[in-house]
Amino acid sequence: MARITLKDVAKFYGDAQVLFDCNLEIADHEFVVLVGPSGSGKTTLLRIIAGLEHISAGDLYFDDRRVNDVDVADRDIAMVFQNYGLYPHMSVYENMAFGLRRRKIPASEIDRRVRGAAEMLNMAAYLQRRPRQLSGGQRQRVALGRAIVREPAVFLLDEPLSNLDAHLRVQMRAEILRVHRAVTATAVYVTHDQIEAMTMGDRIVVMHEGRIQQVGTPDELYDAPANRFVASFIGTPAMGFIEATLEGEGDRAELVVPGLRLNLAEPQRKALARSGARQVSIGIRPERLVLGDDPSADWRVAGTVDVVEMLGSEQYVHFSTEAGSLTARVSRDHPLKVQESVTFSGAAQHLHLFDRETGKTLA
Ligand code: ADP
């Protein structure tokens with residue numbers, strides 16, 4: 001059992017600050033994913049939770065116990081890394097049993113745990129093999145097994161699937177979630193892959209430049225991103241943006257975009273007026289652009305096709321407008337060609353508005 005709480009956690013390496021004001025509460029049994037581009041501070045935050053990095057400022061709690069100065073060995077955690085770190089000269093069984101033997105756990109108990117974990121991971125037939133006699137996926141399972149047998153309160157996983165090919169990654173995602181449900185420990189999982197984050201996390205923590213940008217369920221992050229960074233990072237293909245200027249005052253204020261006709265919804269007008277922002281980015285998700293010039297739509301945008309990506313079931317159409325580039329998901333029933341002129345329409349409620357200066361969501 002462990003609830004993990006970070007309060008105003010900061011990290012410096014020498015003079016360089018790499019984590020800023022990190023506040024986060026992870027519930028007992030929760031599966032939380034830290035996601036962000038390379039260098040955003042995910043691994044550093046995970047290593048702080050593990051006790052492998054010293055906290056420069058702020059507090060870390062496991063349940064109600066402050067653990068800032070508690071040694072790694074006394075935190076009741078198990079880690080799984082990208083490089084499995086298996087002992088090449090030991091069998092699968094011995095790799096899993098090694099840590100338990102060192103802790104003087106009775107042999108019968110070790111045997112029970114190792115066989116239980118092997119069963120859970122479909123590795124029971126491979127217990128006598130050496131790591132080099134295993135596939136990448138099987139090695140990753142051994143690394144997971146070694147963590148499971150410790151029966152920790154907290155699992156910490158750092159990009160555990162990034163050495164696997166795409167197909168196996170998808171399979172192992174499901175497997176890790178199944179294991180997590182079976183062992184009911186709290187899990188913190190680091191990845192740079194937003195699809196992995198979206199498919200695995202009960203909640204996702206999006207990081208950028210050492211700061212937590214937003215914490216939420218996959219739905220919350222997708223539907224209501226807190227800022228332009230989260231909006232563009234979450235979702236495939238990514239949200240497109242066009243740039244607009246607010247002209248006029250109060251009720252008569254209007255968003256003006258070259259090449260776009262636009263009727264905002266009332267709550268959007270109010271949010272814009274409240275914010276005082278003049279420079280606005282409008283974000284549109286690819287599936288919200290409907291091909292065609294629908295006169296009754298809230299907005300219509302015209303442009304020229306730059307690239308068409310054919311995916312079999314559908315196509316991603318990247319096109320330029322006077323105010324920026326957008327991407328649309330279009331059915332194959334409407335084949336489009338590069339250089340073709342296109343018009344898309346849509347509903348106002350599906351537009352995301354951001355203050356261009358601060359990047360914050362306006363409505
Ligand atoms: P991520 O896991 O998101 O890729 P990291 O947590 O590894 O990011 O790194 C965050 C920042 O901290 C990066 O700018 C990185 O260069 C810096 N950093 C990480 N470890 C060290 C270290 N031991 N010494 C100095 N800087 C470091």
Side-chain angles (χ1 to χ4, degrees), residues 4-26 30-62 67-73 75 77-85 140 143-144 147 154-164 166 169 172-173 176 186-216 218 221 225-236 238 359:
I4 302 169
T5 309
L6 289 99
K7 285 209 172 121
D8 300 323
V9 166
K11 175 70 185 174
F12 290 86
Y13 286 114
D15 290 340
Q17 187 165 5
V18 300
L19 289 177
F20 301 79
D21 309 321
C22 291
N23 287 288
L24 180 63
E25 182 146 345
I26 301 173
E30 203 176 10
F31 195 107
V32 163
V33 179
L34 307 182
V35 70
S38 177
S40 55
K42 311 177 292 291
T43 296
T44 305
L45 197 56
L46 194 78
R47 289 173 59 83
I48 280 177
I49 295 172
L52 297 168
E53 290 289 348
H54 175 71
I55 299 184
S56 309
D59 299 300
L60 173 66
Y61 296 87
F62 281 14
V67 294
N68 284 43
D69 302 312
V70 173
D71 195 64
V72 191
R75 288 197 187 191
I77 54 157
M79 293 196 76
V80 181
F81 297 99
Q82 173 178 352
N83 306 317
Y84 323 120
Q140 187 52 269
L144 275 176
V154 179
F155 275 107
L156 302 175
L157 303 106
D158 192 356
E159 304 259 8
L161 304 185
S162 41
N163 281 344
L164 305 179
R169 256 200 327 258
M172 287 300 291
R173 273 186 216 155
I176 289 177
T186 308
V188 187
Y189 185 106
V190 162
T191 179
H192 63 275
D193 178 348
Q194 59 94 15
I195 295 182
E196 206 161 286
M198 290 290 275
T199 52
M200 295 186 78
D202 294 328
R203 283 192 308 151
I204 299 171
V205 179
V206 182
M207 300 195 60
H208 180 48
E209 295 179 340
R211 292 177 199 275
I212 294 177
Q213 303 291 315
Q214 188 171 2
V215 183
L221 296 184
N227 58 42
R228 188 173 157 155
F229 176 79
V230 176
S232 59
F233 190 73
I234 300 287
T236 334

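Numbering of ligands and ligand atoms starts at 1, following listing order.
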Review point. Any protein heavy atom under 4.0 Å from atom 19 (C) of ligand 1?
Key: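 Yes.
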Point to revise | Protein non-hydrogen atom below 4.0 angstrom of atom 16 (O) of ligand 1 present | key: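 When distances to the protein are checked, atom 16 (O) of ligand 1 has no heavy atom within 4.0 Å.
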Give a yes or no on whether the backbone of [Y] and the side-chain of [X] come within a donor-acceptor separation of less than 3.5 Å.
X	Y	value
Lys42	Gly36	yes
Arg173	Thr199	no
Asn163	Gln82	yes
Arg211	Asp21	no

Check your understanding: Going by atom types alone, do Gln194 and Thr236 pair a side-chain donor with an acceptor below 3.5 Å?
Key ->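 Judged by distance alone, the side chains do pair up.
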Practice item. Could you tell me whether the side chains of Gln213 and Asn227 share a donor-acceptor contact shorter than 3.5 Å? Key: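 Result is yes, a qualifying pair exists.
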In the protein, what heavy atom is nearest to [atom], and what distance, to one decimal place, separates them?
atom	value
atom 7 (O) of ligand 1	Thr43 CB, 3.8 Å
atom 8 (O) of ligand 1	Gly41 N, 3.2 Å
atom 25 (C) of ligand 1	Tyr13 CG, 3.3 Å

Exercise for review: Please say whether Gly39 places an N or O atom under 3.5 Å from an N or O atom belonging to ligand 1.
Suggested key: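 Yes - when backbone and side-chain N and O of Gly39 are compared with those of ligand 1, one distance drops under 3.5 Å.
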Exercise for review: Could you tell me which residues satisfy side-chain contact (heavy atoms from CB on, under 4.5 Å) with Ala147, sequence neighbours excluded, listed by chain and number?
Suggested key: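 Scan of Ala147 (side-chain contact (heavy atoms from CB on, under 4.5 Å), adjacent residues dropped) gives Ala78, Val80, Phe155.
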Taking 4.0 angstrom as the limit and counting only heavy atoms of [X], give me the atoms of ligand 1 inside it, by number and element.
X	answer
Thr44	5 (P), 6 (O), 9 (O), 10 (C)
Ser40	1 (P), 3 (O), 8 (O)
Pro37	3 (O)

Point to revise | Mode of Val18 contact toward ligand 1 - side chain, backbone, both, neither (heavy atoms, under 4.0 Å) | key: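 The part of Val18 near ligand 1 is the side chain, not the backbone.
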